[in-house]
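The block underneath contains the structure these notes are about, expressed in structure tokens.
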Amino acid sequence: MSKQDKQTKHQPEPVYANANADAQNARENEIVKASVYGIVGNMLLVVFKMIIGFVSNSIAIILDGVNNATDAISSIVTIVGTKLAGRKPDSKHPFGYGRLEYLTSVVIAVIILAAGVVSLRESIVKIIDPGTPTYSDITIAVIVVAIIAKIFIGIMFKRFGTRTDCEALIASGVDSNYDAVLSAGTLVVAFAQNIWNLNIDGIVGVVISLVVIKAGVEVLRDAVNPIIGLPENKKYFEEIEACAEKFPEVKGVYDIVLTDFGPREIIGSAFVEIPDNLNACQIHVLTRKIADEIKAQTGIDMAIGIYAEHLTGKFADMHQRLVELVSAEPAIMQTHGFFVDEDTKTCYFDLMIDFKSDGEALKKQIIKQLDKDYPGYTYDVQLDFDYAL
């Protein structure tokens with residue numbers, strides 16, 4: 001991988017792709033179960049809050065109830081999205097429907113944003129025409145119960161979401177935590193009204209609305225990121241390298257690229273460096289065995305390419321010079337795939353560079369120095385990047 005360590009944020013342990021049909025069905029059942037719990041819990045809260053909100057004439061409590069209704073809708077969307085994402089690949093979608101699960105999170109984010117915008121509008125109207133909210137002891141008790149309920153719902157969603165690697169459930173858990181805080185805001189409204197006869201109902205409604213909008217933006221960001229493409233967990237790369245390096249012919253593993261087609265739906269490719277005296281039949285058997293081993297251990301379907309090891313003998317000094325040049329340039333993380341075709345006098349190698357660096361300029365710099373030291377050769381250089389996080 002890289003010649004320098006990188007600081008990365010915490011990531012959950014990877015759950016390997018396509019482990020088996022039973023595991024996928026179990027995961028789907030867990031997601032549906034958590035969503036049903038969320039629907040029942042949130043709908044009970046909707047009924048309680050709507051009754052209390054209209055009785056007390058409190059826009060903050062009513063909007064809190066509306067927010068719970070959107071949470072229930074989000075759980076329904078999660079169930080539908082999970083069922084659709086679990087469909088088997090077909091001729092129109094040969095890589096399956098796994099990414100629909102990411103779109104589920106996008107829909108949930110849009111629902112949260114819409115609820116926040118509507119709530120903001122109603123809160124502003126309440127500030128202009130405040131009315132007189134009233135809060136009885138029963139009303140306050142219901143709000144407290146609602147706060148406790150949302151905390152438990154949030155914990156439940158997060159646990160199920162982490163266990164099943166489901167972004168939609170994790171997003172719902174985060175949203176439930178926000179809801180608990182927002183419900184606490186209605187307590188502030190109640191105490192301000194009852195103790196100081198101060199009507200801050202509309203103002204708190206605005207605050208609630210802005211926090212809901214903020215939550216929607218964050219959920220949308222987290223939902224869109226995997227669709228655009230994120231670095232894969234470095235644990236995957238380490239497992240793939242370990243599988244390939246079990247074979248004595250493999251001298252190195254490079255250029256690992258993984259493509260995510262949904263949670264636990266990953267395919268990829270990698271290059272292995274092998275001795276240059278192996279024939280086509282031996283290479284065929286070896287690459288098949290490597291791919292089978294990776295599939296068995298990680299569940300990932302891998303295409304295996306090869307680099308012919310050419311690090312000793314006639315061109316050992318040229319390779320050593322290349323290593324020295326790369327080591328002197330911090331922006332170049334590693335070089336691999338070194339091979340010299342004596343018939344065409346072409347030198348092949350790859351440079352792994354930092355995403356922030358000017359790869360073409362670095363490539364020209366290395367080629368210029370090698371051409372000076374070893375004139376008469378053509379240099380075919382590919383630029384690689386580290387796709388792990």
Side-chain angles (χ1 to χ4, degrees), residues 28 31-32 34-43 45-46 49-50 53 59-87 93 96-125 146 150 153-154 156-158 160-162 164-183 185 205-230 260-263 265:
E28 183 177 304
I31 294 172
V32 171
S35 299
V36 170
Y37 290 159
I39 292 169
V40 173
N42 279 303
M43 289 310 298
L45 290 175
V46 169
K49 290 182 181 180
M50 286 299 179
I59 187 64
I61 295 179
I62 292 173
L63 293 180
D64 212 4
V66 171
N67 191 37
N68 289 139
T70 64
D71 293 342
I73 294 172
S74 297
S75 293
I76 295 173
V77 171
T78 298
I79 292 174
V80 174
T82 300
K83 291 293 185 181
L84 291 175
R87 295 166 63 189
H93 299 90
Y97 294 80
R99 284 180 176 170
L100 284 175
E101 196 166 306
Y102 299 142
L103 293 178
T104 299
S105 298
V106 173
V107 174
I108 291 174
V110 172
I111 291 173
I112 295 172
L113 285 171
V117 171
V118 172
S119 298
L120 181 61
R121 183 191 66 190
E122 295 300 320
S123 298
I124 293 173
V125 171
K150 289 306 292 186
I153 290 174
M156 182 270 296
F157 275 139
K158 281 191 172 182
F160 274 88
T162 302
T164 59
D165 191 27
C166 178
E167 282 295 331
L169 287 183
I170 294 173
S172 295
V174 172
D175 191 33
S176 290
N177 287 341
Y178 275 116
D179 291 346
V181 175
L182 302 182
S183 294
V206 168
V207 173
I208 290 174
S209 302
L210 292 176
V211 174
V212 170
I213 291 172
K214 178 178 180 292
V217 170
E218 291 173 350
V219 172
L220 182 62
R221 178 199 62 204
D222 292 341
V224 168
N225 278 341
I227 297 175
I228 297 174
L230 288 170
D260 184 347
F261 288 96
E265 298 290 342

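Just so it is clear, the model here is predicted, and its values are computed rather than measured.
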Closest non-hydrogen atom pair, [X] against [Y]:
X    : Y    : result
I79  : S35  : CG1-CB, 3.3 Å
V106 : L220 : CG1-CD1, 3.9 Å
G216 : A109 : O-CB, 3.6 Å
G38  : M156 : N-CE, 3.9 Å
A34  : F157 : O-CE2, 3.5 Å
V46  : A69  : CG2-N, 3.3 Å

Once you round to the nearest 0.5 Å, how far does [atom1] of [X] lie from [atom2] of [Y]?
X    : Y    : atom1 : atom2 : result
K158 : L169 : NZ    : CG    : 12.5 Å
L100 : K83  : CG    : NZ    : 14.5 Å
L210 : L120 : CG    : CG    : 5.5 Å
S176 : N42  : OG    : CG    : 6.0 Å
E101 : E28  : CD    : CD    : 9.5 Å
I227 : S105 : CD1   : OG    : 8.0 Å

Just so I know, are the side chains of [X] and [Y] near enough to count as touching, which here means a heavy-atom distance under 4.5 Å?
X    : Y    : result
T78  : I108 : yes
K150 : D71  : yes
L84  : L103 : no

